[in-house]
Visitor: 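One structure is given below, represented as structure tokens, and several questions about it will come after.
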Amino acid sequence: MSLVVRDVQKSFGGVHALRGVDFNVERGEIVGLVGGNGAGKSTLMKISSGIHLPDRGTVEIFGKTPTDPASAIALGVSLVRQELIQAGDLDVASNVLLGREPSRFGIINRSELYRQASAALERVGGGIDPRSTLGQLPPAQRQRVEIARALSLDAKILLLDEPTAALTEGDASRLFELLRTLSQQGIGIVYISHRLREVLDITDRIVGMRDGKISAALPTKEASLDSLFEFLSGATEVDVPDPPPPGAEVLLSVRGRVEFDLHAGEILGLAGLVGAGRTSVLRSLFGAKASDLEITMGGKRQHFRSPRDAIAAGFALVPEERASQGLILDMQIEPNIALAKLHKPLLEDEHAIAAPFMRKFGIRGGGAAKTLSGGNQQKIVLSKWMAISPSILLLDEPTRGLDIGAKRDVHDVVRALAAEGKGIIVSSSEADEVRALCHRTLVLSQGKMRGELSRNDITDTNILRMAT
């Protein structure tokens, strides 16, 4: 075996990412690793490549255990991420041999650099000038450059995370030809993708993950699209009452690549796989990025040039990255909560603004936001926006990383806000969360709306079917 993972467990802040996972890759084998968002695929790959160490269990690469990324690379493992980590302003050769440039008397030997890079590029199909600037290449060639870099490190195991996410169908076909060639050379490959038809096309064996565990493993020749949908879904019943029906008043109308009317008291879900464009839609609605969406409120077209315009119109956004985008971690709790409502000259008292929400959520003051748990930090972000009484609340992965109790608290807040007549849009990678909260959900793929699911039809299976 090239790679052997035995009984690996890993937790982050009390959240179990992996729960006793056994996984292996043989020489020359292409293993498809599939599962919904949050299933544990990326964590498994990071442990396999030495980025994380397991809390329990073992990882062996050709019989030896990596202790960090450098040792994993030395043993023959290379992880090619979905978001390629490359230096776009440098030439191709410098990217292929980045950090390992041949030199003489402390000066890079350019001729040797190009010779070695050309040899690596030939292994991935050639046709790429090592002297060309990397950032000017199309995505398919940049992907091959990254694989060439891995092979130049004498990689014997390639871990590919969504390798076709930015590729056309033709480019993807050429990548598949390359991967088959590499497997014939004895390189073991792990292929992570939400594009299940690709997985059926390129792999020898398929391993499915769900909730940090292996949910199924079978030879690809025994798998079908329907069987993949079935063992990936695993949706569980959500024991919560149906939300009260929304009102008749339309707070927001959106037309374009995503189309919907948001009613007062309605909780609308946005679902989809990694890279579906859910965050992009929320940021467009909030004026945080250039928007091609037509936004209408109260019968009047809106043009938000910045979040300030959106906030003035009654919008609020709770971002996915609460620590870096929703809070000032070193600031005290009270001013964090009061931040959105404070004006210049200062007319409000931050403690008076924060006190009702701190009592409501049981948050103790006096310390910095960074000292609180993830659940309490999320309550601060919600409190900050509730203080300005928005009519439309946009929530991006509102309970990511929270434990069950904190997640339930956040859900209760969202339902209470809807009961007050606010319109709420929830983007989540968890089908159970969307089904627990939302009246209906829109399924996105590649930045566009692919369909709509009613509350009772929101399952991982239906989302996967519609998204793929």
Visitor: Test of understanding: with side-chain contact (heavy atoms from CB on, under 4.5 Å), list the residues that count as partners of I214, not counting sequence neighbours.
Guide: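 For I214 the side-chain contact (heavy atoms from CB on, under 4.5 Å) partners, ignoring immediate neighbours, are V21, V207, M209.
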
Visitor: Just one of V426, L453, I425 clears the side chain to side chain contact (heavy atoms under 4.5 Å, CB included) bar with C438, so which one?
Guide: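 For C438, the side chain to side chain contact (heavy atoms under 4.5 Å, CB included) check succeeds only for V426.
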
Visitor: What is the distance from atom CD1 of I73 to atom CG of D68, rounded to the nearest 0.5 Å?
Guide: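 That separation rounds to 9.0 Å.
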
Visitor: Closer than 4.0 angstrom, basic N to acidic O: yes or no for R19 and D211?
Guide: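 No, R19 and D211 are not salt-bridged.
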
Visitor: Are R465 and D226 close enough, and set up right, to give a side-chain contact (heavy atoms from CB on, under 4.5 Å), and what steps lead you there?
Guide: CA-CA 9 Å; R465 287 184 186 278; D226 284 341; 3.4 Å; yes

Visitor: Are the side chain of R255 and the backbone of F260 linked by a donor-acceptor contact shorter than 3.5 Å?
Guide: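 At least one qualifying donor-acceptor pair exists.
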
Visitor: Whether the side chain of R455 engages the backbone of R440 through a donor-acceptor N/O pair (distance < 3.5 Å, no angle test) should be reported.
Guide: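 Such a contact is absent between R455 side chain and R440 backbone.
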
Visitor: Could you list all the salt bridge (Lys or Arg N to Asp or Glu O under 4.0 Å) pairs where at least one residue sits in residues 382-396, not counting sequence neighbours?
Guide: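 Those involving residues 382-396 do not exist here.
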
Visitor: Of all the heavy-atom pairs spanning V124 and R144, show the shortest one and how long it is.
Guide: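 Here V124 and R144 meet closest at O-NH1, 2.9 Å.
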
Visitor: Could you pull out all residues at least two apart from H263 that satisfy ring-ring contact (aromatic ring centres under 6.0 Å, His included)?
Guide: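 For H263 there are no ring-ring contact (aromatic ring centres under 6.0 Å, His included) partners, ignoring immediate neighbours.
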
Visitor: Working to the nearest 0.5 angstrom, can you tell me the gap between S445 OG and I463 CD1?
Guide: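 Taking OG in S445 and CD1 in I463, the distance rounds to 12.5 Å.
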
Visitor: Would you call L228 and L200 a side-chain contact if the rule is heavy atoms closer than 4.5 Å?
Guide: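 Answer yes - side chains close enough.
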
Visitor: Shortest non-hydrogen contact from V199 to G32?
Guide: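 Looking at all heavy atoms of both residues, the closest pair is CG1-CA, 4.2 Å.
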
Visitor: So which heavy atom on I47 is nearest to which on V8, and how close?
Guide: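 In terms of heavy atoms, the two residues are closest at CD1-CG1, 3.8 Å.
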
Visitor: Residues in ring-ring contact (aromatic ring centres under 6.0 Å, His included) with F315, at least two apart?
Guide: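 Applying ring-ring contact (aromatic ring centres under 6.0 Å, His included) to F315 gives F304.
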
Visitor: What are the two closest non-hydrogen atoms of I328 and A369, and how far apart are they?
Guide: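 Closest heavy-atom pair between I328 and A369: O-CB, 4.1 Å.
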
Visitor: Give a yes or no on whether a salt bridge exists between D91 and R131, defined as a side-chain N under 4.0 angstrom from a carboxylate O.
Guide: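 Looking at D91 and R131, the cut-off is not met.
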
Visitor: Nearest 0.5 angstrom please: M358 CE to I333 CD1, how far?
Guide: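 Separation between the atoms: 5.5 Å.
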
Visitor: From E433 CD over to S427 OG, what is the distance, rounded to the nearest 0.5 angstrom?
Guide: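 Atom-to-atom, E433:CD and S427:OG are 9.5 Å apart.
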
Visitor: For residues R142 and Q86, is any side-chain donor paired with an opposing acceptor at under 3.5 Å?
Guide: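 Q86 and R142 do have a side-chain donor-acceptor pair below 3.5 Å.
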
Visitor: Is there side-chain contact between I51 and S49, with heavy atoms separated by less than 4.5 Å?
Guide: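 Yes, their side chains come closer than 4.5 Å.
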
Visitor: Under the 3.5 angstrom rule, does the side chain of S215 hit a backbone N or O of G208 as a donor-acceptor pair?
Guide: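 Answer holds: yes.
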
Visitor: To the nearest 0.5 Å, how far apart are CE in M331 and CG in L339?
Guide: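 One gets 5.5 Å once the value is rounded to the nearest 0.5 Å.
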
Visitor: Heavy-atom distance under 4.5 Å between the side chains of V281 and L444, does that happen here?
Guide: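 Counting from C-beta outward, V281 and L444 do come under 4.5 Å.
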
Visitor: Under 3.5 Å, is there a donor-acceptor pair between the side chain of R149 and the main chain of L98?
Guide: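 Flag set: sc R149 to bb L98 pair under 3.5 Å.
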
Visitor: Throw together a table of side-chain donor-acceptor distances under 3.5 angstrom for residues 289-298, partners on residues two or more places apart or in other chains.
Guide:
from : atom 1 : to   : atom 2 : distance (Å)
K289 : NZ     : S280 : OG     : 3.0
S291 : OG     : L293 : N      : 3.0
D292 : OD1    : R257 : NE     : 3.0
D292 : OD2    : R257 : NE     : 3.4

Visitor: Atom CG in L160, atom OH in Y191: separation rounded to 0.5 Å?
Guide: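 One finds 8.0 Å between CG of L160 and OH of Y191.
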
Visitor: More than 12 heavy atoms of other residues, nucleotides or ligands under 6.0 Å from CZ of R197: is that the case?
Guide: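 Open.
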
Visitor: Would Q377 and L329 count as a side-chain contact (heavy atoms from CB on, under 4.5 Å) if you check the C-alpha gap in whole Å, the side-chain angles of each, and the deciding distance to 0.1 Å?
Guide: CA-CA 9 Å; Q377 287 181 355; L329 291 175; 3.9 Å; yes

Visitor: Ignoring hydrogens and geometry, is there a side-chain-to-backbone donor-acceptor pair from S224 to S227 under 3.5 Å?
Guide: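 Yes, because the side chain of S224 sits within donor-acceptor range (under 3.5 Å) of the backbone of S227.
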
Visitor: Mark yes when over 12 heavy atoms from residues, nucleotides or ligands other than R308 sit less than 6.0 Å from its CZ; otherwise mark no.
Guide: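 Counting other residues, nucleotides and ligands, CZ of R308 stays at 12 neighbours or fewer.
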
Visitor: Run the side-chain contact (heavy atoms from CB on, under 4.5 Å) test against P138 and tell me which residues pass, sequence neighbours left out.
Guide: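 Expected list: Q141.
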
Visitor: Spell out, as yes or no, whether a donor-acceptor pair under 3.5 Å connects the side chain of T459 to the backbone of N462.
Guide: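 Confirmed, T459 side chain pairs with N462 backbone.
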
Visitor: Evaluate the side-chain contact (heavy atoms from CB on, under 4.5 Å) criterion for residues T399 and Q378: first the C-alpha distance (whole Å), next the side-chain angles of each, then the deciding distance (0.1 Å), finally the verdict.
Guide: CA-CA 8 Å; T399 62; Q378 190 72 319; over 6 Å; no

Visitor: Is the shortest heavy-atom distance from the side chain of L417 to the side chain of L393 under 4.5 Å?
Guide: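 In contact.
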
Visitor: For the side chain of H439 and the backbone of E266, is there at least one donor-acceptor N/O pair under 3.5 Å apart?
Guide: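 Checking the backbone N and O of E266 against the side chain of H439, no donor-acceptor pair under 3.5 Å is found.
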
Visitor: Within a strict 4.5 Å, meaning less than it, do heavy atoms of the I392 and K422 side chains meet?
Guide: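 No; the side chains remain at least 4.5 Å from each other.
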
Visitor: Could you check whether any side-chain N or O of S132 sits under 3.5 Å from a backbone N or O of D129, counting only pairs where one atom can act as donor and the other as acceptor?
Guide: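 At least one qualifying donor-acceptor pair exists.
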
Visitor: In sequence, state the C-alpha distance, the side-chain angles, and the governing distance for T279 and L282, and then conclude on side-chain contact (heavy atoms from CB on, under 4.5 Å).
Guide: CA-CA 5 Å; T279 295; L282 295 186; 5.7 Å; no

Visitor: Can you tell if the side chain of L33 reaches within under 4.5 Å of the side chain of L44, non-hydrogen atoms only?
Guide: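 Of all side-chain heavy-atom pairs linking L44 with L33, at least one is under 4.5 Å.
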
Visitor: Report yes if the side chains of V59 and P66 come closer than 4.5 Å at any heavy-atom pair, otherwise no.
Guide: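 Yes, close enough: below the 4.5 Å cut-off.
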
Visitor: Could you check whether any side-chain N or O of D261 sits under 3.5 Å from a backbone N or O of V250, counting only pairs where one atom can act as donor and the other as acceptor?
Guide: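 Such a contact is absent between D261 side chain and V250 backbone.
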
Visitor: On a heavy-atom basis, which atom in S78 and which in L153 lie closest, and how many Å separate them?
Guide: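 Closest approach of S78 to L153, heavy atoms only: OG-CD1, 4.0 Å.
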
Visitor: Give the minimum heavy-atom separation between S391 and L251, together with the two atoms involved.
Guide: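 Between these two residues, the closest heavy atoms are O-CD1, 3.7 Å.
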
Visitor: Without swapping roles, check the side chain of W385 against the backbone of L317 for a donor-acceptor pair under 3.5 Å.
Guide: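 Yes, W385 side chain to L317 backbone: donor-acceptor pair under 3.5 Å.
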
Visitor: Could you check whether any side-chain heavy atom of I206 comes within less than 4.5 Å of a side-chain heavy atom of V31, counting everything from C-beta outward?
Guide: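 Side-chain contact under 4.5 Å: no.
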
Visitor: Distance alone, cut at 3.5 Å: any donor-acceptor contact between the side chains of E198 and T164?
Guide: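 Short answer, yes.
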
